[in-house]
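Quick caveat: nothing in here was measured; it's all calculated off a predicted structure.
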Amino acid sequence: MQDNHLPALEIDNLAVQVVGDRAGRHVLENISFNLSPGETLCVVGESGSGKSVTSLAVMGLLPPDALRPSRGRILVEGEDILTASPSRLRELRATRVAMIFQEPMTALNPVEKVGEQIDEVLRIHSRLGRAERRAKILAMLELVHMPDAERIYDSYPHELSGGQRQRVVISMALILEPAILIADEPTTALDVTTQKQILSLIRELQMKHNTAVLFITHDFGVVAEIADRIVVMNRGKVVEVGTRNDILARPREPYTRMLVSSVPSLVPKPRGTLRTDIVLDVKALSKTYAGKRLFGRRRSIPAAQDVNLAVRRGEIVGIVGESGSGKTTVARCVVRLQDPTSGAVLVHGEDIAKASRSQLRPMRRRVQIVFQDPYRSLNPRIKVGESIIEGLVNFGRSRDEALSKARNLLDLVGLNQDAMHRYPHQFSGGQRQRICIARALALEPDILVADEAVSALDVSVQAQVLELLDEIRQRVGVGVLFITHDLRVAAQICDTIVVMQKGRIVEAGPAAEILIAPRQDYTRALIDAAPGRDWDFQNFRPLRSSVR
Amino acid sequence: MLAYIARRLLATIPVMVMVAVVVFAILRLTPGDPAAIIAGDDATAEQLEKIRQSMGLDMPIHLQLLQWISRLLQGDLGVSLLSGTPVLSMIGDRMGPSLALALGTIVVTVIIAIPLGVVAAWKRGKLLDRTIMTLSVLGFSVPVFVVGYLLIYYLSIQLGLFPVQGYRPLSEGFWPFAQRLVLPVLALSGVYVALIARITRSSIIEVMGEDFIRTARAKGATERIVLLRHALRNAAVPILTVIGIGIASLISGVVVTESVFNLPGLGRLVVEAVLARDYPVIQGLILLFSFVYILINLLVDVLYPVFDPRIRY
């Protein structure tokens with residue numbers, strides 16, 4: 001850090017207003033912080049905190065018909081971009097301020113070769129000839145550690161993996177060596193091992209060019225890994241600014257304390273002894289997707305192979321793995337949303353894997369599922385109460401009986417009973433996930449499958465929902481099959497952890513054993529890649545001597 | 001890719017056979033007797049019977065069908081009941097004006113509609129956008145023949161800019177040919193311009209919400225580059241689909257337009273043949289139109305990967 005320097009970015013009392021709103025509602029107010037060359041400043045906040053709006057404001061990319069900066073200054077190397085002309089703004093983009101985005105899948109134009117998309121930056125901002133540009137791009141692709149740069153240059157985005165696409169986006173952002181790089185959740189959509197590589201790549205390039213990095217994230221794990229300083233935001237305001245250790249170890253504001261202590265750590269929680277009766281027994285389950293083709297060869301993709309696992313009454317079994325590991329396939333086969341290719345799924349000794357449609361129906365109530373996205377898994381046009389009782393009524397309960405049961409369930413998941421008469425859009429994400437859980441529990445299932453059920457939630461809400469699941473498990477005794485990509489979440493809630501990779505189980509055992517003494521290299525790699533594993537967030541202290 | 005085209009062409013055969021059978025059946029089931037029309041009002045029953053025999057209309061229907069299909073497979077569409085000319089050569093003679101009208105309409109439509117749609121999307125919600133969209137509603141709702149007669153009245157009769165009616169083949173010089181095509185093409189294009197401008201606008205607006213548009217802006221791209229290079233090309237697939245459907249539905253428009261402007265094309269031939277119950281001609285034309293329809297669909301499918309590399313066969 002070079003503090004004697006002019007700051008690369010200085011935001012001074014910035015306010016952003018909703019356009020056309022007479023009440024002058026602000027989505028950002030009194031935002032002030034600065035960023036020095038070579039420094040990594042993490043902006044942390046939950047959804048709706050205004051962290052992304054801040055980053056778009058710095059790029060001058062606020063949607064003009066929706067949001068408008070109403071006060072303050074944003075100085076990029078001393079130049080106020082709020083008063084800059086549109087053409088000056090375009091000149092600054094990619095040359096002085098560049099940005100990388102959350103979704104590498106959608107951030108690239110799908111119909112153009114990635115080399116040409118990087119080339120566009122050079123065509124807009126430089127006068128280099130064709131051959132020079134190509135050489136520069138190939139050099140850049142090598143700088144971001146892409147093997148076979150020539151081939152990558154001529155690839156379309158869909159031909160690359162998520163990590164490779166993010167490397168392309170980074171190449172595009174950094175090819176002109178901007179002073180400031182804004183990274184808006186750049187690793188959130190990636191697997192942990194890929195995330196680790198991308199984070200170290202950003203670090204490496206930052207060191208090389210002394211770039212100032214403004215890193216937007218909701219993930220305190222990532223923050224603990226990379227931040228020099230941290231800005232905590234909530235509801236459009238800056239709550240607290242400080243060095244990494246200030247914020248993580250000695251937070252001043254109650255909101256920051258709450259936020260930091262909600263972050264799941266990799267330290268497994270002590271679990272009680274388990275009851276012994278097995279409610280779900282998955283035996284040699286396999287699922288192969290067969291691609292059908294009229295002529296030519298058939299392709300078959302094994303999504304899950306020879307999966308064996310058991311869930312006891314009141315036990316939470318976590319299936320952990322990266323994308324493509326087959327964890328969701330297993331979940332869907334257990335609920336029979338998909339038909340397994342072979343193997344057995346025994347619920348209380350009855351095999352639902354091969355049950356016919358009519359045999360399956362009564363079994364359905366034994367196994368219920370909660371999905372990842374609470375925004376899309378409730379029918380938006382049906383009142384919450386009706387959604388909850390639908391299953392009960394289908395299975396022959398009277399309406400009155402079902403309604404009174406639904407009210408009890410809302411109590412159980414910590415929602416007010418008048419939620420019955422409201423629609424899903426009137427609830428927050430966390431509340432909706434509670435509704436989904438209530439709906440799943442209505443049928444008194446033996447098994448609750450939670451497929452990434454907390455992944456879309458903010459950490460503070462995530463912590464609450466995890467607590468709720470644990471409480472319900474104890475009170476109702478339901479067995480939970482908990483699918484997650486996040487080892488830290490699994491550490492908080494699971495009795496048993498099953499690690500999957502490429503459709504197969506790599507390792508399985510009690511959570512504490514898997515997390516503390518993994519036997520397989522893959523499990524170890526996953527644990528090493530989990531961001532923030534060196535911090536015990538709940539207790540505001542580092543786990544090892546990692547304080548910079 | 002070539003294997004895909006070959007497969008698709010093979011798949012047209014059963015479709016064409018079904019079309020042939022259905023066309024044949026429907027024509028025989030509709031009332032009306034071509035022999036009676038030829039023979040005239042004062043013909044005796046014997047004369048009528050003779051004419052029927054000479055035309056093969058006295059044979060059982062399934063034999064007529066078999067005979068027709070076996071000739072069809074040899075490339076023989078039969079001869080007109082009225083004039084005795086081979087159907088194939090009749091179609092050949094009438095192909096010119098229809099082809100000129102259809103191609104002209106497609107070209108004019110694409111040239112006008114896509115820029116209109118892009119501009120409307122760019123100025124979304126502004127006056128220009130609303131004007132274009134209002135005009136497109138008009139383009140949809142006013143029938144081709146009304147537009148046709150209005151154009152004739154104002155541009156030909158009042159201003160004398162174009163000939164009122166008729167057709168000259170290209171072999172008689174480009175100007176006489178083009179001069180007589182301007183009005184029919186304009187009249188017929190209206191609907192398609194409206195349709196394709198709207199679909200272009202909505203496809204582009206949809207694409208403009210995508211993340212990669214934000215990426216393009218973050219690179220410092222101008223709105224022009226964002227619209228034309230990133231948005232339009234990504235909007236191409238739905239636009240292409242609608243153009244394909246439009247071309248296929250052009251056939252009915254051609255029939256009306258050719259009547260209004262007195263163009264001696266296939267559309268007029270359809271009307272003449274239907275009125276005269278000239279079975280072989282009607283059958284030949286419907287087969288031709290079905291085949292063209294299938295070919296256009298194939299062409300559209302083959303063009304998809306050009307615009308979107310994610311689509312592969």
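- For A107(A), the parts lying near chain B are the backbone and the side chain together; criterion is any non-hydrogen pair under 4.5 Å.
- Expressed to the nearest 0.5 Å, how far CD of E120(A) lies from OG1 of T215(B) amounts to 10.5 Å.
- Residues E159(A) and P309(B) are not in side-chain contact: their nearest non-hydrogen atoms beyond the backbone lie 4.5 Å or more apart.
- Of the listed residues (D308(B), V306(B), V237(B)), just one forms a side-chain contact (heavy atoms from CB on, under 4.5 Å) with V111(A), and that residue is D308(B).
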side-chain contact (heavy atoms from CB on, under 4.5 Å) between K219(B) and Q117(A), intermediate numbers included: CA-CA 10 Å; K219(B) 287 196 243 181; Q117(A) 298 193 45; 3.9 Å; yes
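- The environment of CZ in R124(B) is sparse: at most 12 heavy-atom neighbours from other residues, nucleotides or ligands sit within 6.0 Å.
- Of all heavy-atom pairs between R214(B) and L61(A), the closest is O-CD1, 4.2 Å.
- Highest contact tally toward chain B, considering only L108(A), I182(A), I100(A), T106(A), is held by T106(A) [criterion: heavy-atom pairs under 4.5 Å].
- Residue L92(A) does not touch chain B at all, counting heavy-atom pairs closer than 4.5 Å.
- Counting heavy-atom pairs under 4.5 Å between each of R123(A), M99(A), E91(A) and chain B puts R123(A) at the top.
- Contact count versus chain A (heavy atoms, under 4.5 Å) is highest, among R233(B), R229(B), E210(B), R217(B), for R229(B).
- Residue-environment remark: CZ (F291(B)) stays at or below the threshold of 12 foreign heavy atoms within 6.0 Å.
- Heavy-atom contacts from other residues, nucleotides or ligands closer than 6.0 Å to CZ of R88(A) number more than 12.
- For chain B, the option among Q102(A), E112(A), K113(A), H125(A) with the highest count of heavy-atom pairs below 4.5 Å is E112(A).
- The 12-atom threshold is exceeded at CD of E79(A), counting heavy atoms of other residues, nucleotides or ligands nearer than 6.0 Å.
- Heavy atoms from other residues, nucleotides or ligands lying under 6.0 Å from OH of Y293(B) number 12 at most.
- Residues of residues 160-175 of chain A placed with any heavy atom under 4.5 Å of a heavy atom in chain B are listed by number as M172(A).
- Only the side chain of I225(B) has a heavy atom closer than 4.5 Å to any heavy atom of chain A.
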